[in-house]
Each structure stands twice: as structure tokens, then as C-alpha cells.
Novice: 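Quick one: structure below, then a few questions.
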Amino acid sequence: MKKVLLVFGTRPEAVKMCPLVLELRRRGTVRPVVCVTGQHRLLLRDVLEIFQVTPDYDLALMEREQSLDGLTAACLTALGPVLERESPDLALVHGDTTTALAAAMAAFYRHIPVGHVEAGLRTGDLAAPFPEEFNRRTVDMVSRYAFAPTAEARENLLREGFDSSRIWVTGNTGIDALQYTLRQDCADPALDFLAEGIPVVLTLHRRESLGRPMEEVLAAVRTLAADMPGLRILCPVHPNPQVQETVYAALAGQENIRLTEPMDTVTFHHALAGARLILTDSGGVQEEAAALGVPALVLREKTERPEGIQAGGLLLAGTGREAVYTQCRRLLEDETAWQAMRNRPNPYGDGHASERIAEVLEQF
Ligand code: UD1
Ligand code: UDP
């Protein structure tokens, strides 16, 4: 039986790779071996528990305030022996993280074919998101199998000279994950808090948002909460110490804002599903908002997920205080504007992406 080594290390990769692990196990035609780098610790553990995936290898690499180069070097060094011991027929990586970059490089150095899940996303700007745009381009460059979530991602690859025989349009496995989590019952004080008023969910964590852009966005949210006391704004704060510091400094102490630890993905997905408005700089949350039909403001200057904006459910609000405030108020007070963004077509998949990828893996 062919062996596939799935390597991932962060929360978003786990959310999007676990459905594929479950699908490969269900089929039993390709042997999945799971290696987590532990780029994230707490965030990763939560997701593995939800999907009941026990890794075959846990490299436990996370360090507080880890640097990009230090983590890349640690991943490369630690992944070598795993690749040598397992000698897989294919290494599968996801997206654009340091883990994905290092795992693709380590496999490439050993002439092990690489498959890239969520291939072809581009902003066209190496500075945004940083360093993810570099990572995803490099991973695509060394990949033999590119699993593009959308036709647009496929077009990006074709424009860069990828042979069409190496690309499969599969949908995003994140939508498979959403179906899995929303099937589960869920009760949580955070959901009770949201139910007390007009529910809004906020997440922020991108490196290029740190500093002034994040402060501007948070100032807008703070004023919004003060001006609209009926809002209930839930913000699970990313464990990155710089994010924690900035978010707590700006938003702590406001009655209708609840700052929490990162939420388990089942509860978080239920919170998103019940929200009136989502505010986020996350990649995965953009896709989830579009899939749930909940209007979302993308708190970034650029996105590699333009399909949701074209479909009308996402709006690129930027990070300017005025613009973010104005767009929030418009969507929260103007029913017609809100309705126009609600339940727009979801371009990110039908919840069967893992099956499509598994079918390709069976045949390779
Ligand atoms: C990484 C990804 C980014 C993804 C994000 C998801 C890269 C280059 N970027 O960015 O694409 O959107 O994860 O969250 O890989 N930390 C903890 N506990 C955890 C996780 C993180 O304490 O469970 C802290 C650590 O101090 C760490 C910091 O958060 O140093 C930042 O994490 P890191 O994975 O290095 O980068 P992100 O900016 O989170
Ligand atoms: N998420 C979660 N709990 C939270 C916040 C986010 O489970 O408190 C999930 C979210 O639903 C999505 C993923 O984490 O599936 C997105 O991760 P993140 O925003 O950290 O990274 P990105 O997608 O931007 O790379």
C-alpha cells in the first residue's frame, strides 16, 4: 500500500488536514502517516482532539516568540530523520506556514514528491501576507501535485507556468471541517454572551497587521462598541504575545466586548455561524464566513481569497480606523446592505474536497 506522510504544525493546517486524514483512514487504500511539527502547541492540540487524530510523530518544536528563521531551521533538521525513517511515496503539506515551507523543502531535498493542499493562492505581493506569500509560492514550485481549492487558484498556477496535468481543483478542505464541527452539539458561555445582543466575532493575528494597522482596527472596534451598546463582540485572542498585548491594551474592560483564550474549533464555528457580522484578518475565517453566508469584513489591505469578495459575502475593509468603523456601522444598521452580503454563493467548496484529494492519491 502506498504511504503518504502528512506534515502540519499550526491550527489552520490542522483544521484543514484532519478531514483528509479521516477520509484516507476511512478508505483504507493509502496509508496516512501524520507528523506534526508542533509549530503551535495549544492551538494544535485542541484541533487534534476534536478530530481525534493522534499523530505518529510530534516534533514539539514551538518556542515562545519563535523566529521565522529559527523555526524553519528547527523544522528542517527535525523532519529529515522522519522522512528517512518513513520513506513515504508522497509528502503532503498544507498552505503557507513555516511548517509547510520546511516540510516541502525537506522532502524535495530527498527527491520525495510533494503534494500541496490549498495550492495556488496569491496576493501577488511578497510583503502581504508576510511571509506566507513567499512560503506558498516556494511550496508550489517544488510540488508535483497541486490541489487548488478554486478555479482562480488554478489560474494563478497556470499563469506561473504550471502544467495543467499537475493541478486538481478540489474545493477547500476547511469547508469539510466546518461540516464536521457544526454537526456536533455545542454549549458555551461565549455563545450565551453573544446571544445577549447583536453578535459580532472578531479575530486578528497577522504579522503584517501588528503595530499600527492592528491598533487602528482595534480603535475602530472600541469606538463601535461604545457607540452601539447593544453589540456583543467576542474576540478569542491569538496566543502570540504581541497580539495578546495589543488586543488587551485596546479592548479590555469594555462591557460588551468579551476577550477570551483561543476557542476550541467546534465552539468557534458555532459562534461564527450565529454571528451577525464577522471581522477578521484570518485566511481560514474568510472561507468559513463565506461558507456560512455570514457577512464578513476582511481587515487587511490585500487578500489571496478574492473569490469571496467577488461573490459578495466578504468585503475588503482595509485597516484604517475610519473605514473599518464606517463599514461596520453600515452593515450593522442598514438592513438592505446587510441582506445584500448575506447568503451569497460560497466559492470555497462543497465539503467534499478531502474525497477529491483522496481519489487522486489513490491513483498516483
Ligand atoms: C502562523 C502562520 C500563519 C497562520 C498562523 C495561524 C507562519 C509563517 N505563519 O503565524 O500563516 O495564519 O500561524 O495561527 O507559519 N503561540 C503560542 N501557542 C500556540 C501557538 C502560538 O504560544 O499554540 C505563540 C508563540 O509565542 C509563537 C507565536 O504565537 O512564537 C507566533 O506563532 P507562529 O506560528 O510563529 O507564527 P504566527 O504568526 O502565529
Ligand atoms: N479558530 C479556532 N478558534 C479560534 C479562532 C480561530 O478554532 O479561537 C479556527 C478558525 O475557525 C479557522 C482557523 O482557526 O479554522 C484559522 O486559523 P488562524 O486564523 O489562526 O489562521 P489562518 O487561517 O489565518 O492561517
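Remember, it's 1-based here, ligands and their atoms both numbered in the order they're listed. Sequence positions, counted from 1, serve as the residue numbers for this chain. This one's a predicted model, so the numbers in the text were calculated from it and none came from an experiment.
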Novice: Search all heavy atoms of L204 against all heavy atoms of H238 and return the closest pair with its distance.
Specialist: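 For L204 and H238, the tightest heavy-atom pair comes out as O-CB, 4.1 Å.
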Novice: Which heavy atom of the protein is the closest neighbour of atom 1 (N) of ligand 2, given with residue, atom name and distance?
Specialist: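 The protein heavy atom lying closest is F268 CD2, 3.5 Å.
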Novice: To which protein heavy atom is atom 9 (N) of ligand 1 closest, and what is the distance rounded to 0.1 Å?
Specialist: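 Heavy-atom neighbour on the protein nearest atom 9 (N) of ligand 1: E132 OE2, 2.9 Å.
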Novice: Could you list which atoms of ligand 1 come closer than 4.0 Å to a heavy atom of R41?
Specialist: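 Selected atoms, number and element: 19 (C), 23 (O).
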Novice: List ligand 1 atoms under 4.0 Å from P241, heavy atoms only on the residue side.
Specialist: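 Reading through ligand 1 atom by atom, the close ones are 26 (O).
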Novice: Could you identify the single nearest non-hydrogen protein atom to atom 4 (C) of ligand 1 and state the distance to 0.1 Å?
Specialist: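 For atom 4 (C) of ligand 1, the nearest protein heavy atom is H205 NE2, 3.7 Å.
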Novice: When you measure from atom 7 (O) of ligand 2 to every protein heavy atom, which one gives the shortest distance, and what is it?
Specialist: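 So the nearest neighbour among protein heavy atoms is T265 OG1, 2.6 Å.
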Novice: Just going by heavy-atom distances, which of R64, H238, Q244 is nearest to atom 39 (O) of ligand 1?
Specialist: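 Shortest heavy-atom distance from atom 39 (O) of ligand 1: H238.
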Novice: Mind running side chain to side chain contact (heavy atoms under 4.5 Å, CB included) on C75 and L61 for me, showing each step along the way?
Specialist: CA-CA 7 Å; C75 284; L61 294 177; 3.8 Å; yes
Novice: Tell me whether the count of non-hydrogen atoms from other residues, nucleotides or ligands lying under 6.0 Å of CZ in F108 goes above 12.
Specialist: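 Open: at most 12 neighbouring heavy atoms sit under 6.0 Å from CZ of F108.
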Novice: Is there a polar contact, in the sense of an N or O pair closer than 3.5 Å, between P12 and ligand 2?
Specialist: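 Checking ligand 2 against P12, no N or O pair falls under 3.5 Å apart.
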Novice: Distance under 4.0 Å to a non-hydrogen atom of H269: what atoms of ligand 2 satisfy this?
Specialist: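 This gives 11 (O), 15 (O) as the contact atoms.
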Novice: Around atom 21 (C) of ligand 1, find the nearest protein heavy atom and jot down its residue, atom name and distance.
Specialist: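 The closest one turns out to be H40 CD2, 3.6 Å.
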Novice: Tell me which protein heavy atom sits closest to atom 12 (C) of ligand 2, plus the residue, atom name and distance to 0.1 Å.
Specialist: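 Among all protein heavy atoms, the one nearest atom 12 (C) of ligand 2 is E288 OE2, 3.2 Å.
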Novice: Could you tell me whether ligand 1 has any atom less than 4.0 Å away from a heavy atom of Q242?
Specialist: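 False for this residue.
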Novice: In the protein, which heavy atom is nearest to atom 18 (N) of ligand 1, and how far is it?
Specialist: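 It is M62 SD, 3.4 Å.
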Novice: Among all the protein's non-hydrogen atoms, which is closest to atom 37 (P) of ligand 1, and how far away is it?
Specialist: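 That would be R207 NH2, 4.2 Å.
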Novice: Quick one: which ligand 1 atoms are inside 4.0 Å of a heavy atom on P12?
Specialist: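 Close to P12: 6 (C).
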Novice: Number the atoms of ligand 1 from 1 as they appear, then name those within less than 4.0 Å of a heavy atom of L42, with their elements.
Specialist: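 Ligand 1 atoms under the 4.0 Å threshold to L42: 23 (O).
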Novice: Can you tell me which residue and heavy atom of the protein come closest to atom 31 (C) of ligand 1, and the distance to 0.1 Å?
Specialist: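 Minimum-distance protein heavy atom for atom 31 (C) of ligand 1 reads N240 ND2, 3.7 Å.
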Novice: Is the NZ or CZ atom of R276 both under 6.0 Å from the centre of the six-membered ring of W338 and within 45° of that ring's axis?
Specialist: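 Ring-cation test returns yes.
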Novice: Within 45° of the ring axis of F193 and under 6.0 Å from its six-membered ring centre, is that where the NZ or CZ of R258 lies?
Specialist: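 Geometry flag: set, cation within 6.0 Å and 45°.
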Novice: Checking the N or O distance criterion of under 3.5 Å, is ligand 2 in contact with H238?
Specialist: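 No - when backbone and side-chain N and O of H238 are compared with those of ligand 2, no distance drops under 3.5 Å.
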Novice: Hey, which atoms in ligand 1 end up nearer than 4.0 Å to a heavy atom of D96?
Specialist: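 What qualifies from ligand 1 is 11 (O).
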Novice: Checking side-chain hydrogen bond (donor to acceptor under 3.5 Å, both in side chains) between R122 and each of E133, E160, E152, which is the one that passes?
Specialist: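 So the option named by the test is E160.
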Novice: Closest by any non-hydrogen atom to atom 25 (C) of ligand 1: pick that one out of E63, Q39, R45, R11.
Specialist: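 Looking at heavy atoms only, the winner is E63.
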Novice: Nearest protein heavy-atom contact for atom 35 (O) of ligand 1: which residue, which atom, what distance?
Specialist: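 Result for atom 35 (O) of ligand 1: Q66 NE2, 2.9 Å.
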Novice: So is P262 close enough to ligand 2, meaning a heavy atom under 4.0 angstrom away?
Specialist: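 The answer is yes, since P262 has a heavy atom less than 4.0 Å from ligand 2.
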Novice: Checking Y145 side chain against L361 main chain: does a donor-acceptor pair fall under 3.5 Å?
Specialist: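 Between the backbone of L361 and the side chain of Y145 there is no qualifying donor-acceptor contact (under 3.5 Å).
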Novice: So if I count the atoms of ligand 2 from 1 in the order they appear, which ones are less than 4.0 Å from some heavy atom of P236?
Specialist: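 Going through ligand 2 atom by atom, the ones under 4.0 Å from P236 are 8 (O).
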Novice: Less than 3.5 Å between some nitrogen or oxygen of L43 and one of ligand 1, yes or no?
Specialist: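 Yes, at least one N or O pair falls under 3.5 Å.
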Novice: Give the residue, atom name and distance (to 0.1 Å) of the protein heavy atom nearest atom 3 (N) of ligand 2.
Specialist: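 Minimum-distance protein heavy atom for atom 3 (N) of ligand 2 reads M263 O, 2.7 Å.
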Novice: Between R26 and E23, does a salt bridge (Lys or Arg N to Asp or Glu O under 4.0 Å) hold up when you go through it step by step?
Specialist: CA-CA 5 Å; R26 191 183 68 77; E23 178 62 17; 2.9 Å; yes
Novice: First locate atom CG of L234, then atom CG of L202, and finally report the distance between them rounded to the nearest 0.5 Å.
Specialist: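 The distance works out to 8.5 Å.
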Novice: Taking only Lys NZ, Arg NE, NH1 and NH2, and the carboxylate oxygens of Asp or Glu, determine whether E215 and R321 approach each other closer than 4.0 Å.
Specialist: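 Salt bridge between E215 and R321, a charged N being under 4.0 Å from a carboxylate O: no.
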Novice: Could you tell me whether G283 and ligand 2 have an N or O pair separated by under 3.5 Å?
Specialist: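 In this structure, G283 places an N or O atom under 3.5 Å from an N or O of ligand 2.
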Novice: Tell me: protein heavy atom nearest atom 8 (C) of ligand 1, and distance?
Specialist: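 Result for atom 8 (C) of ligand 1: T98 OG1, 3.3 Å.
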Novice: Taking atom NE2 of H40 and atom OG1 of T99, what is their separation to the nearest 0.5 Å?
Specialist: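 The NE2 atom of H40 sits 8.0 Å away from the OG1 atom of T99.
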Novice: If you measure every N or O of T203 against every N or O of ligand 2, does any of those distances drop under 3.5 Å?
Specialist: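 Not met; the criterion fails.
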Novice: Strictly below 4.0 Å, N to O, side chains only: are E287 and K16 in salt-bridge contact?
Specialist: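 So E287 pairs with K16 through a salt bridge.
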Novice: Can you find a pair of side-chain heavy atoms, one from D350 and one from Q179, that are under 4.5 Å apart?
Specialist: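 A side-chain contact under 4.5 Å is absent here.
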Novice: Would you give the length of the straight line joining atom CG of D89 to atom CD1 of I112, rounded to the nearest 0.5 angstrom?
Specialist: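 The CG atom of D89 sits 9.0 Å away from the CD1 atom of I112.
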Novice: For Y248, does the OH atom have more than 12 heavy-atom neighbours from other residues, nucleotides or ligands under 6.0 Å away?
Specialist: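 Check passes, neighbour count above 12.
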Novice: For ligand 1, which is the ligand I care about here, please tell me if T99 has any N or O atom under 3.5 Å from one of the ligand's N or O atoms.
Specialist: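 No.
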Novice: For atom 4 (C) of ligand 2, which protein heavy atom lies nearest, and how many Å away is it?
Specialist: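 The answer is R11 NH1, 3.2 Å.
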Novice: Can you list the atoms of ligand 1 that are under 4.0 Å from a heavy atom of E65?
Specialist: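 This gives 26 (O), 30 (O) as the contact atoms.
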Novice: Under 4.0 Å, counting heavy atoms only: does R206 come that close to any atom of ligand 2?
Specialist: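 R206: in contact with ligand 2 (<4.0 Å).
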Novice: Checking the N or O distance criterion of under 3.5 Å, is ligand 1 in contact with P131?
Specialist: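 Among all N and O atoms of P131, none is under 3.5 Å from an N or O of ligand 1.
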Novice: Is it the case that ligand 2 has an N or O less than 3.5 angstrom from some N or O of S282?
Specialist: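 Yes, there is a polar N/O contact under 3.5 Å.
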Novice: Taking atom CD of E63 as the centre, report whether more than 12 heavy atoms of other residues, nucleotides or ligands fall under 6.0 Å from it.
Specialist: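 Result for CD/E63: open.
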Novice: How close does the nearest protein non-hydrogen atom get to atom 23 (O) of ligand 2, and which residue and atom is it?
Specialist: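 For this ligand atom, the closest protein heavy atom is G284 N, 2.7 Å.
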